[in-house]
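Data first, discussion second: the structure below is written as structure tokens.
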Amino acid sequence: MPANTINRGYPYSVPSDPADIPQAMEDFATAVDADVQGVYNGVQLRPAAKAIATTQQKYVNTASGSLRGVRFSSFQFNVSGAAVLADFGLRVIPQLPGYWFAMGTISFPKPTGGTPPTSVSTVLLKNDSSVLSRGGLNGFATIADGTVELVASGGEFMNGTTDFFNVSWSPVATATVPTYYIYTRTLTMVRMTQV
């Protein structure tokens, strides 16, 4: 009569068992398959969302050092309704309380005409005011190929009702940038608190 492993209960043959290797392999494989399926059924998807926008967003007369909000238009994914867009896409609100990790990205094309910024930064904020992270690039005006993607990421406890993440950008320039466009931008967030 086969024995079973202590922790997972998988069957295995003992020396006194009749030699039936195909049956023993089938019994073992069936037990592993049932165990793996049981573990899989017990796994819950972690609440997560990715807000995106790819259309052009125009900024006029952007002053050096000012924070300019970016808008998101939809979700690429939104597991279990983890987030909602608010304030015309400027805010992404997690729908569950807990600790959330967020990462914002903005693609910056090199400006044409006017006074280009000498550097730009992407800023991840909580509730429009608390800076969680900043990612920047100096020497932006000298980039030859034209586009750079900047990332800012961080984590924060969110209340699940009114707290929100938002992404902004900020130029540093010797003069006001008359007109500037950004294109692809994302805000990916994952709830790290266990359910």
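Here the structure is a predicted model, which means the values were calculated and not measured. Reckoned from all heavy atoms, side chains included, excluding hydrogens, waters and symmetry mates.
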Centroid-centroid under 6.0 Å between Tyr12 and Phe28 rings: no
Within the 6.0 Å centroid threshold, strictly below: Tyr59 and Trp169: yes
Step-by-step side-chain contact (heavy atoms from CB on, under 4.5 Å) determination, Leu187 to Leu124: CA-CA 9 Å; Leu187 176 59; Leu124 176 65; 3.9 Å; yes
Nearest 0.5 Å please: distance from the [atom1] atom of [X] over to the [atom2] atom of [Y].
X      : Y      : atom1 : atom2 : value
Leu96  : Thr161 : CG    : OG1   : 11.0 Å
Leu132 : Leu125 : CG    : CG    : 6.5 Å
Lys126 : Asp163 : NZ    : CG    : 4.0 Å
Glu156 : Phe165 : CD    : CZ    : 7.0 Å
Thr55  : Ile182 : OG1   : CD1   : 9.0 Å

side-chain contact (heavy atoms from CB on, under 4.5 Å) between Arg191 and Met158, intermediate numbers included: CA-CA 9 Å; Arg191 184 172 185 253; Met158 306 299 268; over 6 Å; no
Should [X] and [Y] be counted in the same cluster of Ile, Leu, Val, Met, Phe, Trp and Tyr side chains packed under 4.5 Å apart?
X      : Y      : result
Val167 : Trp100 : yes
Val190 : Met103 : yes
Leu67  : Phe164 : no
Ile93  : Leu90  : no
Phe157 : Met192 : yes

Using only atom types and a distance under 3.5 Å, with no angle test, would you say the side chain of [X] pairs donor to acceptor with the backbone of [Y]?
X      : Y      : answer
Thr193 : Tyr99  : yes
Ser170 : Ser121 : no
Arg134 : Ala152 : no
Gln57  : Gly69  : yes
Ser73  : Ile52  : yes

Going by atom types only, do [X] and [Y] share a side-chain donor-acceptor pair under 3.5 Å?
X      : Y      : answer
Tyr183 : Gln56  : yes
Asp27  : Gln23  : yes
Ser130 : Asn127 : no
Ser153 : Ser133 : no

Is any side-chain heavy atom of [X] closer than 4.5 Å to a side-chain heavy atom of [Y]?
X      : Y      : value
Leu85  : Val92  : yes
Thr188 : Thr105 : no
Pro47  : Val79  : no

Worked check of side-chain contact (heavy atoms from CB on, under 4.5 Å) between Gln95 and Val84: CA-CA 7 Å; Gln95 296 298 288; Val84 296; 3.3 Å; yes
Residue pairs passing the ring-ring contact (aromatic ring centres under 6.0 Å, His included) test where at least one lies in residues 62-85, sequence neighbours excluded: none
Selection residues 66-93 - residue pairs positive for salt bridge (charged side-chain N to carboxylate O under 4.0 Å, His left out), sequence neighbours left out: Asp87-Arg91, Arg91-Asp128
